[in-house]
Amino acid sequence: MAHELTEGGKIKAGERVLLVFFPGLQFMVSLLACFVAGYVAVPVFPPDPRKLKKDLHHFLSIQSDSGAKIVLTHSLYNFAKKVTAITNIFSLSGGATWPDMQWLCVDDTISKCKKGFSKDSCEFPVVEDARDSIAFLQYTSGSTSEPKG
């Protein structure tokens, strides 16, 4: 997974990556892939497509504060996000809009990785002094104010 993300320069070492998952194995795989590849993992609970006005505000706040440009998620959630965005286009209320970011579906990436993967071809960034490097950026829920990292 980490090899697939670093290939082609999609994400540079040290960049922040939003992990938009429900608790489970794909979150753990993505978190470990971020650690291996040298990315800063920023977990975000998936905004509920039915309550986007409220949930998307927290998501946008975390995205803006962290500076993340890439999102790792599951393809089913990404599909729900796209359906909600299309529905909002036709809505008279003008609904909330998602930020312009690159969304990568982990399950699609894992499927691609299983085909033709070779450990010998993997090269990951070496973190010179890991004691001073950020690996994980956790935000508060934002239930009483803006989310804080």
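Not counting sequence neighbours, D65 has no partner by the salt bridge (Lys or Arg N to Asp or Glu O under 4.0 Å) test. Contacts of T140 classified as side-chain hydrogen bond (donor to acceptor under 3.5 Å, both in side chains), with partners at least two apart in sequence or in another chain: none. Partners of K148 according to the side-chain hydrogen bond (donor to acceptor under 3.5 Å, both in side chains) rule, which considers only residues two or more places apart in sequence or in another chain, are S145. Applying the side-chain hydrogen bond (donor to acceptor under 3.5 Å, both in side chains) criterion to S75, with sequence neighbours excluded, gives D107. Applying the side-chain contact (heavy atoms from CB on, under 4.5 Å) criterion to D55, with sequence neighbours excluded, gives P47, D48, K51.
Taken to the nearest 0.5 Å, the CG atom of L19 stands 11.5 Å off from the CD atom of Q26. Considering CD1 of I62 and CD of Q138, their distance stands at 8.5 Å, rounded to 0.5 Å. Taking CZ of R16 as the reference point, atom NZ of K69 lies at 10.5 Å (rounded to 0.5 Å). Between atom SG of residue C34 and atom CG of residue L137 there is a gap of 12.0 Å, rounded to the nearest 0.5 Å. We find the CZ-CG distance between F27 and L32 to be 9.0 Å, quoted to the nearest 0.5 Å.
Between P46 and V20, the closest heavy-atom pair is CA-CG1, 3.6 Å. When all heavy atoms of N78 and C105 are compared, the closest pair comes out as ND2-SG, 3.5 Å. F21 and L72 get closest at one heavy-atom pair: CE1-O, 3.4 Å.
Each salt bridge (charged side-chain N to carboxylate O under 4.0 Å, His left out) pair with one or both residues in residues 26-45, not counting sequence neighbours, would appear here, but there are none.
In the hydrophobic cluster analysis, where Ile, Leu, Val, Met, Phe, Trp and Tyr join through side-chain heavy atoms closer than 4.5 angstrom, I134 is grouped together with V44. Grouping the Ile, Leu, Val, Met, Phe, Trp and Tyr side chains by contacts below 4.5 angstrom, directly or via other members, places L60 with M101. Under the 4.5 Å side-chain heavy-atom criterion for ILVMFWY residues, a single connected hydrophobic cluster contains both M28 and L104.
With F136 as the partner, the side chain to side chain contact (heavy atoms under 4.5 Å, CB included) test is satisfied by one option alone out of V40, V42, L31: L31.
Enclosure of atom CZ in F79 is not indicated, since only 12 or fewer non-hydrogen atoms of other residues, nucleotides or ligands lie within 6.0 angstrom.
Annotation: side chain of S61 is not in contact with side chain of Y139 (no heavy-atom distance under 4.5 Å).
The aromatic rings of F22 and F45 sit perpendicular to each other, their planes meeting at more than 60°, with 30° as the lower class boundary.
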Handout entry: Residues I70, Y39; criterion side chain to side chain contact (heavy atoms under 4.5 Å, CB included); working and verdict
Key = CA-CA 11 Å; I70 302 281; Y39 307 139; over 6 Å; no
